[in-house]
J.: 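Got a structure for you, questions after.
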Amino acid sequence: MTEKTQNASKNVREKTSSLFCPADRKCGGCRYLKMPYEEQLKLKRERVAKLLKPYCKVSPVVGMEQPLHYRNKVHAVFDRTRDGRIISGIYQEGTHRVVPVDNCLIENEKADAIIRDIRGLLKSFKIRTYDEDTGYGLLRHVLVRVGHKTGQIMVVLVLGSPILPSKNNFVKALRKLHPEITTIIVNVNNRQTSMVLGDKENVIYGKGYIEDELCGCTFRISSRSFYQVNSVQTELLYRKAVELAGLAGKERVIDAYCGIGTIGIIAAPQAKEVISVELNKDAVRDAVRNAAQNGVRNISFYQNDAGNFLAGMAEDKEKADVVFMDPPRQGSSEEFMSSVVMLAPKKIVYISCGPESLARDLKYLTAHGYQAQGAWPYDMFPFTEEIETVCLLNRTR
Ligand code: SAH
């Protein structure tokens with residue numbers, strides 16, 4: 001982190017936010033840009049507390065010491081202005097118009113620099129930006145992922161067609177500017193879609209994934225696997241989640257919506273057995289390797305819809321002692337939750353990035369034999385409205 005950033009972070013915590021962002025109005029990401037950080041935390045807590053009021057107490061939000069430039073994953077869409085200037089940035093909120101971004105207050109600064117330098121290389125390599133309306137041109141998006149602890153950096157070039165001309169020289173030129181880049185991937189997305197990444201990938205430099213460390217374990221992350229964007233806060237959140245589970249070494253644990261296996265792998269040394277389930281194939285592949293890499297043997301991974309998988313377990317009259325669940329923003333499914341109720345774990349540790357869906361799911365679980373013991377919000381996304389919450393439920397019957 002640069003000195004400038006550290007000073008800015010300090011100001012943010014102490015006084016009203018004097019932060020300025022030229023893309024602010026159009027981006028819509030940092031809705032709390034002008035709000036002092038402590039006030040953001042208060043507001044987020046109030047929101048969660050209001051939603052969870054019928055179920056449990058909500059602790060104060062755990063905030064960041066340095067709430068700027070926390071995003072370890074940065075995405076830029078490429079385009080050209082009418083007068084032919086190449087720009088990169090974000091879609092204007094609710095549109096497909098590109099708003100130029102050079103420096104973002106919440107994105108990793110090195111990732112932003114890499115994106116600016118890729119933009120600078122395009123002309124001499126005669127790489128044109130992709131036009132979403134006509135389908136002409138090549139470069140659509142760039143995705144950069146930075147390993148917070150390891151410093152390893154992944155660059156994904158998302159192209160409208162598979163061939164990157166002078167690919168070796170492009171790699172050389174980019175690596176000369178940023179020798180810290182450890183892998184470069186070409187991803188092909190030729191569909192009319194708002195999904196950034198396509199299905200086909202070609203590694204043009206390095207191993208095709210990066211590694212990072214969380215809670216003393218090493219994790220490999222490939223381009224299409226989910227990985228929390230704020231590593232500092234993730235570590236605190238996972239510690240809390242595992243602590244709430246209160247494992248004593250004898251438990252049968254389920255880690256549902258496990259991504260690259262993080263929570264289950266961190267918890268496994270304190271459990272008898274962990275069963276993890278995740279829908280995304282790439283993430284499951286990462287998870288299997290992550291377990292081996294960390295010497296964790298009492299864990300198994302299943303690639304499946306979590307609801308479907310748990311329903312199968314429930315049908316087989318299986319039991320579990322603890323269930324970690326970390327579903328996407330829209331929350332879990334009734335199939336999943338009714339199966340959890342049949343597996344009858346003593347504890348459910350619910351990690352949520354959507355307080356509304358968390359409240360909805362708590363309504364179900366508390367009506368089916370569980371009682372919420374408390375909720376602990378973590379600010380994973382300073383300056384935005386988003387908030388992550390971990391909630392503990394105990395079985396009451
Ligand atoms: N626990 C992980 C991932 C959480 S994000 C971590 O902390 O990193 C939610 C994950 O749920 C994503 O990896 C996503 O691919 C997965 N997912 C989404 N829908 C799913 C479903 N129906 N069944 C299983 N996994 C699903």
Side-chain angles (χ1 to χ4, degrees), residues 71-73 145 147-149 195-197 199 209-215 217-245 253-268 274-291 294 296 299-314 322-340 348-355 357-358 361 376-378 380-381 386-391:
R71 281 193 68 94
N72 61 29
K73 180 172 104 172
R145 257 181 168 164
H148 177 76
K149 289 257 173 73
M195 297 278 286
V196 173
L197 297 178
D199 296 332
Y209 58 86
I210 58 163
E211 288 156 321
D212 201 12
E213 286 161 29
L214 283 175
C215 304
C217 298
T218 306
F219 295 100
R220 64 173 259 176
I221 310 149
S222 24
S223 67
R224 283 170 297 189
S225 297
F226 175 91
Y227 187 61
Q228 293 283 4
V229 298
N230 184 334
S231 308
V232 173
Q233 293 298 91
T234 299
E235 206 159 40
L236 302 177
L237 174 85
Y238 285 171
R239 283 221 177 94
K240 184 72 187 178
V242 176
E243 176 203 312
L244 289 173
V253 174
I254 292 175
D255 179 14
Y257 310 91
C258 74
I260 60 170
T262 43
I263 298 169
I265 289 171
I266 293 165
V274 181
I275 299 164
S276 300
V277 57
E278 158 67 43
L279 193 58
N280 177 320
K281 286 198 182 80
D282 290 355
V284 173
R285 196 186 54 200
D286 287 345
V288 169
R289 304 231 170 109
N290 286 334
N294 290 290
V296 173
I299 191 166
S300 38
F301 296 96
Y302 297 88
Q303 192 254 316
N304 202 339
D305 167 78
N308 189 29
F309 180 78
L310 254 68
M313 279 185 80
V322 173
V323 170
F324 289 102
M325 55 187 286
D326 185 6
R329 180 145 308 139
Q330 65 269 29
S332 190
S333 63
E334 200 155 319
E335 184 186 32
F336 181 93
M337 289 187 291
S338 61
S339 308
V340 168
I348 301 171
V349 181
Y350 192 140
I351 298 162
S352 155
C353 60
S357 59
L358 173 62
D361 291 350
W376 293 265
Y378 284 78
M380 298 278 249
F381 317 100
E386 312 291 341
I387 180 74
E388 190 93 10
T389 308
V390 52
C391 180

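Only heavy atoms go into these numbers, but all of them, side chains included; no hydrogens, no water, no symmetry mates. We count ligands from 1, going down the list as the structure has it; atoms in each ligand are counted the same way. Counting begins at 1 with the first residue of the sequence.
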J.: Please test E235 against K149 for salt bridge (charged side-chain N to carboxylate O under 4.0 Å, His left out), starting from the C-alpha separation and ending with a verdict.
T.: CA-CA 11 Å; E235 206 159 40; K149 289 257 173 73; 3.0 Å; yes
J.: What protein heavy atom is closest to atom 15 (O) of ligand 1, reported as residue, atom name and distance in Å?
T.: E278 OE2, 2.6 Å
J.: Which bit of C258 gets closer than 4.0 Å to ligand 1, counting heavy atoms only: side chain, backbone, both or neither?
T.: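 It is the backbone that gets close, since no side chain atom is under 4.0 Å.
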J.: What I want to find out is whether D282 reaches R224 closely enough, with some N-O distance under 4.0 Å, to be called a salt bridge.
T.: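 A salt bridge links D282 with R224.
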J.: Out of curiosity, is T262 lining ligand 1, as in a heavy atom under 4.0 Å away?
T.: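 Distance cut 4.0 Å: T262 passes for ligand 1.
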J.: Got the closest protein heavy atom to atom 25 (N) of ligand 1, with its distance?
T.: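 Result: L279 N, 3.2 Å.
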J.: State the atoms of ligand 1, each with its element, that fall below the 4.0 Å cut-off from a heavy-atom position in N304.
T.: 23 (N), 24 (C)
J.: Show me which atoms of ligand 1 lie under 4.0 Å from any heavy atom of A306.
T.: 21 (C), 23 (N), 24 (C)
J.: Do D212 and I221 come within less than 4.5 Å of each other through their side chains, counting heavy atoms only?
T.: yes
J.: Is P327 close to ligand 1, meaning an N/O of one under 3.5 Å from an N/O of the other?
T.: no
J.: Do I275 and V253 come within less than 4.5 Å of each other through their side chains, counting heavy atoms only?
T.: no
J.: If the cut-off is 4.0 Å to any non-hydrogen atom of P328, which atoms of ligand 1 fall inside it?
T.: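 Going through ligand 1 atom by atom, the ones under 4.0 Å from P328 are 18 (C), 19 (N).
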J.: For E334, does the CD atom have more than 12 heavy-atom neighbours from other residues, nucleotides or ligands under 6.0 Å away?
T.: no
J.: Find all atoms of ligand 1 within a distance of less than 4.0 Å from any non-hydrogen atom belonging to Y238, and give their numbers and elements.
T.: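 Counting atoms of ligand 1 from 1, those under 4.0 Å from Y238 are 6 (C), 7 (O), 8 (O).
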J.: Please check this pair: side chain of S357 against backbone of R329, looking for a donor-acceptor N/O pair closer than 3.5 Å.
T.: yes
J.: Just to confirm my output: which protein heavy-atom neighbour is closest to atom 11 (O) of ligand 1, and how far is it?
T.: Y257 CB, 3.5 Å
J.: Between F219 and I265, is the side chain to side chain contact (heavy atoms under 4.5 Å, CB included) condition met? List the steps.
T.: CA-CA 10 Å; F219 295 100; I265 289 171; 3.9 Å; yes
J.: Short list, please: which atoms of ligand 1 are under 4.0 Å from a heavy atom of D305?
T.: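 Answer, ordered by atom number: 21 (C), 22 (N), 23 (N).
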J.: If we only count N/O pairs under 3.5 Å, is D326 in contact with ligand 1?
T.: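 By distance alone, the answer is yes.
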J.: Just wondering, do R285 and S222 contact through their side chains at under 4.5 Å, heavy atoms?
T.: yes
J.: Check contact between I351 and ligand 1, using heavy atoms of the residue and a distance below 4.0 angstrom.
T.: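 No.
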J.: Side chains of L310 and F336: closer than 4.5 Å at any heavy-atom pair?
T.: yes
